[in-house]
Amino acid sequence: LLQAKDCDVVTRGRDQLDLRDAAAVYDFMKTERPDRVVLAAAKVGGIHANNSQPFAFLHDNLMIQSSVINAAHRAGVEQLLFLGSSCIYPKLCEQPIREEALLTGPLEPTNEPYAIAKIAGLKLCESANRQFGTDYRCIMPTNLYGPGDNFHPMDSHVLPALMLRFHEAAQNGAEKVLVWGSGTPRREFLHVDDAAAAALFVLDLDKTEFQEGVGEGRCHIKVGTGTDVTIRELAELLADVTGYAGGLEFDPTMPDGTPRKVLDVSRMSKLGWSAKAGLKEGVRETYDWFRR
Ligand code: GDP
């Protein structure tokens, strides 16, 4: 999307620049002096990865954010966009979730370290704005999916994990597929192209418009579709898309996580943005990509 806008996009792969290395990140920032920074890099994963590597999810994300946000500020970068996650809101908060719910209750334990890192990143941006008058903004997207996703059988998020499992079951003519948990939790899914479009939309808003949109003293806004499905409904959709004709079995030994986290997307829609891709079409298109 940025290339289509005739932007000079500067990136570094992790083999070239370790974002946890504050000195290296500062050198990079000072040399490149970008006009804007988009921080989408993070240590991410699904419920099992979060639950089994809590140290890395807290440590790596704190280090990445601190290095990049501090280096951006020291190098005089005026505008920065930090990507967080909808898991920063309390486990049992009122649905749909409003921005005001932040820090009003305990977090979901399976991803608390990741959520705490993302809250710290948000607060780093908010504090830079307060103390230095920078224009650092944050978007908190719901669960993402789409081409280029991570399809690791254990560490990925639910949608790619089930796409892989149902695809293999359909190919092998299996009679049942295992789905983790009870199937009753609800999740909201946003296509990655919509997430990218939302990121640029937020970045391009003028400062006053953004501040009025997010509310006094805040710098974050939620990005999603505003509608969710149960994990069972998601599994049925993936069975349909992959042509799997067997049964479903739920595995109660795996965690359910938060029961529901549907986003109130009214702030984004008031600003003039809404998601385009429907879940069925988005999943079909992702499956076409997956097969190719
Ligand atoms: P979360 O939204 O942060 O909880 O992360 P996930 O994308 O990993 O979604 C987890 C939800 O999907 C939980 O309710 C899981 O029990 C359920 N789920 C069902 N099967 C799977 C699977 O194979 N992988 C993952 N990651 N989650 C699954």
Side-chain angles (χ1 to χ4, degrees), residues 42-54 56-58 61 83-93 95-97 106-119 140-146 148-170 174 176-192 195 222-242 244 246-263 279 282-283 286-287 290:
K43 164 89 179 156
V44 297
I47 195 164
H48 177 73
N50 267 275
N51 216 11
S52 53
Q53 303 166 52
F57 275 82
L58 182 56
N61 286 308
L83 274 78
S85 159
S86 63
C87 70
I88 63 167
Y89 302 101
K91 173 175 179 146
L92 298 175
C93 70
Q95 308 283 320
I97 304 172
L107 298 162
E108 156 60 30
T110 53
N111 55 27
E112 189 194 76
Y114 178 73
I116 285 181
K118 289 297 182 182
I119 294 170
M140 298 295 147
T142 182
N143 296 36
L144 303 182
Y145 72 96
D149 208 343
N150 165 21
F151 289 83
H152 188 282
M154 290 305 287
D155 290 345
S156 71
H157 284 275
V158 58
L159 197 153
L162 293 185
M163 185 172 288
L164 174 68
R165 212 171 295 145
F166 281 105
H167 169 78
E168 287 177 344
K176 68 173 187 203
V177 163
L178 210 56
V179 179
W180 297 355
S182 63
T184 58
R186 303 184 71 87
R187 291 291 184 273
E188 173 181 355
F189 298 94
L190 182 71
H191 192 279
V192 65
K222 294 180 278 65
V223 175
T225 61
T227 51
D228 59 0
V229 293
T230 64
I231 297 298
R232 177 188 284 278
E233 287 163 345
L234 179 73
E236 287 165 354
L237 171 63
L238 283 156
D240 182 37
V241 168
T242 57
Y244 168 71
L248 303 181
E249 193 173 326
F250 290 90
D251 178 358
T253 66
M254 294 305 273
D256 266 345
T258 197
R260 194 177 188 201
K261 48 176 173 178
V262 69
L263 297 179
L279 184 59
V283 167
T286 305
Y287 186 56
F290 174 91

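Counting starts at 1 for both ligands and their atoms, in listed order. All values below were derived from every heavy atom in this structure, side-chain atoms included, with hydrogens, water molecules and symmetry-related copies excluded.
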| said: How far is atom 28 (C) of ligand 1 from the closest protein heavy atom, and which atom is that? | reply: V158 CG2, 3.4 Å
| Steps toward side chain to side chain contact (heavy atoms under 4.5 Å, CB included) verdict (D149, V192) | CA-CA 9 Å; D149 208 343; V192 65; over 6 Å; no
| note | One should read off an interatomic distance between Q53 CD and Y114 OH, to the nearest 0.5 angstrom, of 13.0 Å
| field | Proximity flag R165 to ligand 1, non-hydrogen atoms under 4.0 Å | value | yes
| Which one holds for M254 and ligand 1: side chain close, backbone close, both close, or neither close, with close meaning a heavy atom under 4.0 Å? | neither
| said: Under 4.0 Å from a heavy atom of G46: which atoms of ligand 1 are those, numbered in the order shown and with their elements? | reply: 8 (O)
| said: As a check for students: among H157, R187, M163, identify the option with a heavy atom nearest to atom 2 (O) of ligand 1. | reply: R187
| request: Report the nearest protein non-hydrogen atom to atom 20 (N) of ligand 1: residue, atom name, distance rounded to 0.1 Å. | output: W180 N, 3.0 Å
| message | As a quick check of understanding, evaluate side chain to side chain contact (heavy atoms under 4.5 Å, CB included) for K118 and C87, giving each step before the final call. | response | CA-CA 9 Å; K118 289 297 182 182; C87 70; 5.7 Å; no
| field | Atoms of ligand 1 close to P185 [distance to a heavy atom under 4.0 angstrom, numbered from 1] | value | 14 (O)
| Flag side-chain contact, heavy atom, 4.5 Å: E233 against L237 | no
| L159 CG to F151 CZ distance, which is reported to the nearest 0.5 Å | 8.0 Å
| Nearest non-hydrogen protein atom, atom 14 (O) of ligand 1 | D256 O, 2.6 Å
| field | Nearest protein heavy atom with distance in Å, relative to atom 8 (O) of ligand 1 | value | I47 N, 2.8 Å
| Within a strict 4.5 Å, meaning less than it, do heavy atoms of the N50 and T110 side chains meet? | no
| request: Indicate yes or no: at least one non-hydrogen side-chain atom of Y145 is less than 4.5 angstrom from one of V283. | output: yes
| said: Quick check on contacts: which atoms of ligand 1 are under 4.0 angstrom from a heavy atom of A161? | reply: 22 (C), 23 (O), 24 (N)
| said: Do T286 and M163 have side chains that approach each other closer than 4.5 Å (heavy atoms only, starting at C-beta)? | reply: yes
| query | So which protein heavy atom does atom 11 (C) of ligand 1 come closest to, and at what separation? | reply | I231 CD1, 3.9 Å
| query | Where on N143 is there a heavy atom closer than 4.0 Å to ligand 1, on the side chain, on the backbone, on both, or on neither? | reply | side chain
| Sub-3.5 Å donor-acceptor pair from the side chain of T142 to the main-chain atoms of G224, do we have one? | no
| Would you call G257 a ligand 1 contact, heavy-atom distance under 4.0 Å? | no
| remark: Looking only at protein heavy atoms, what sits closest to atom 16 (O) of ligand 1 is P255 O, 2.7 Å
| query | Closer than 4.0 angstrom: is that true for some heavy atom of E108 and an atom of ligand 1? | reply | no
| request: State if S182 counts as touching ligand 1 under the rule of any non-hydrogen atom under 4.0 Å. | output: no
| note | If you scan protein heavy atoms around atom 26 (N) of ligand 1, the nearest is S156 O, 3.0 Å
| Does some side-chain heavy atom of H157 sit less than 4.5 Å from a side-chain heavy atom of L144? | no
| said: Please classify the N111 to ligand 1 contact at 4.0 Å (heavy-atom distances, strictly less than): side chain, backbone, both or neither. | reply: side chain
| Below 4.5 Å, heavy atoms only, C-beta onward: do E236 and D240 meet side chain to side chain? | no
| query | Which residue and non-hydrogen atom of the protein lie closest to atom 3 (O) of ligand 1, and at what distance in Å? | reply | K261 NZ, 3.3 Å
| field | Side chains of S86 and I97 in contact at under 4.5 Å (non-hydrogen atoms) | value | no
